[in-house]
Amino acid sequence: DAKTTQPNSMESNEEEPVHLPCNHSTISGTDYIHWYRQLPSQGPEYVIHGLTSNVNNRMASLAIAEDRKSSTLILHRATLRDAAVYYCILRDGETGGSNYKLTFGKGTLLTVNP
Amino acid sequence: DAMVIQNPRYQVTQFGKPVTLSCSQTLNHNVMYWYQQKSSQAPKLLFHYYDKDFNNEADTPDNFQSRRPNTSFCFLDIRSPGLGDAAMYLCATSSAGSYNSPLHFGNGTRLTVT
């Protein structure tokens with residue numbers, strides 16, 4: 001699986017925007033960029049994914065660089081409930097293979113201050 | 001609500017005593033996964049099922065086995081647990097319709113080996 005690099009930790013204040021970066025310089029043309037997060041004592045939770053265009057959903061926005069070698073997960077207004085480990089994962093979107101795996105890297109621990 | 005359920009949340013077993021962890025899903029997803037997550041580490045994939053087809057990760061110890069008797073249920077059997085097998089075990093599901101189908105995780109079973 002192609003590798004991603006994320007900062008080990010980041011801090012934010014409540015109600016401020018948070019930009020979580022991810023570098024993936026070896027991304028291939030068929031790799032989708034997925035983000036999951038894991039709140040304390042819970043299983044990981046899907047956040048968002050994209051291929052080339054920026055994506056928005058109710059949880060977050062995903063901004064993808066034009067060369068696709070980096071991306072940023074944007075939480076528009078952080079809440080205390082957003083404190084979690086955020087994982088940026090590349091997943092091969094090409095059909096016809098046998099790989100449904102999702103391989104987690106180390107992730108970024110986000111702390112939200114009141 | 002459709003979901004992934006893991007029972008029990010906490011399991012204690014003795015060194016060398018076989019233990020089985022359970023996972024059920026109401027999502028009717030084709031693919032089911034077992035991950036191991038040790039303290040302060042990212043989840044690590046042990047194996048996954050595509051329907052009844054079993055896919056083992058190359059570095060998953062032989063001590064770990066799995067069964068999937070039907071679409072809804074999947075079991076993780078640890079034949080002879082060692083102290084190093086103490087971890088959170090996460091079950092997840094996804095639809096086989098697309099490689100980008102998100103994974104839905106249960107809240108895990110925390111295994112203690114005494």
Side-chain angles (χ1 to χ4, degrees), chain A residues 1-9 22 27-53 55 57-60 62 64 84-109, chain B residues 1-7 9-10 21 23-25 27 29-60 87-110:
Chain A
D1 293 316
K3 190 180 163 76
T4 62
T5 305
Q6 299 177 253
N8 288 336
S9 62
C22 181
I27 191 169
S28 75
T30 55
D31 283 337
Y32 281 72
I33 302 156
H34 287 247
W35 284 83
Y36 282 73
R37 72 180 185 180
Q38 188 171 20
L39 278 64
S41 301
Q42 294 189 22
E45 172 188 33
Y46 168 79
V47 177
I48 201 166
H49 77 272
L51 182 64
T52 55
S53 304
V55 184
N57 66 20
R58 64 174 179 81
M59 289 180 73
L62 177 59
I64 301 172
V85 178
Y86 287 79
Y87 296 100
C88 169
I89 303 166
L90 299 184
R91 196 176 187 199
D92 189 352
E94 193 165 58
T95 57
S98 60
N99 186 1
Y100 285 93
K101 299 190 295 187
L102 197 72
T103 302
F104 288 81
K106 294 182 179 177
T108 296
L109 174 62
Chain B
D1 287 342
M3 51 199 304
V4 179
I5 301 163
Q6 292 188 247
N7 283 311
R9 284 299 304 271
Y10 300 92
L21 308 182
C23 177
S24 64
Q25 55 134 337
L27 297 159
H29 282 167
N30 312 68
V31 192
M32 293 188 78
Y33 310 77
W34 279 104
Y35 284 84
Q36 178 193 63
Q37 186 173 26
K38 296 189 176 180
S39 182
S40 301
Q41 296 184 21
K44 178 178 180 297
L45 183 64
L46 295 173
F47 23 63
H48 73 278
Y49 277 93
Y50 179 111
D51 289 327
K52 285 193 174 292
D53 292 334
F54 178 70
N55 298 272
N56 199 30
E57 291 301 294
D59 57 355
T60 297
M88 175 76 83
Y89 289 89
L90 295 160
C91 174
T93 73
S94 70
S95 168
S98 161
Y99 286 96
N100 284 306
S101 295
L103 270 65
H104 297 256
F105 283 83
N107 281 328
T109 294
R110 183 167 295 283

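As the structure is a computational prediction, the values presented were derived from the model and not from experiment. Residue numbers begin at 1 in each chain, while the letters A, B, ... track the order of the sequences.
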In the structure I gave you, are the side-chain heavy atoms of B:H48 and B:S94 within less than 4.5 Å of one another anywhere? no
Region of B:L90 in contact with chain A, defined by heavy-atom distances below 4.5 Å: side chain
Is a donor on one side and an acceptor on the other found under 3.5 Å between the side chain of A:N57 and the backbone of A:V47? yes
Counting heavy-atom pairs closer than 4.5 Å to chain A, which one of B:Q37, B:K44, B:H104 comes out on top? B:Q37
Chain A heavy atoms under 4.5 Å from B:R9: which part of the residue, side chain, backbone, both or neither? side chain
Atom group of B:Q41 that falls short of 4.5 Å from chain A, counting heavy atoms: backbone
With no hydrogens and no angle check, is any side-chain donor or acceptor of B:Q36 less than 3.5 Å from a backbone partner on B:T60? no
If we define contacts as heavy-atom pairs under 4.5 Å, which of B:S40, B:P43, B:A92, B:G106 has the most with chain A? B:P43
Could you check if a side-chain atom of A:L102 sits within less than 4.5 angstrom of a side-chain atom of A:R91, using non-hydrogen atoms only? yes
Other residues, nucleotides, ligands: >12 heavy atoms within 6.0 Å of B:D59 CG: yes
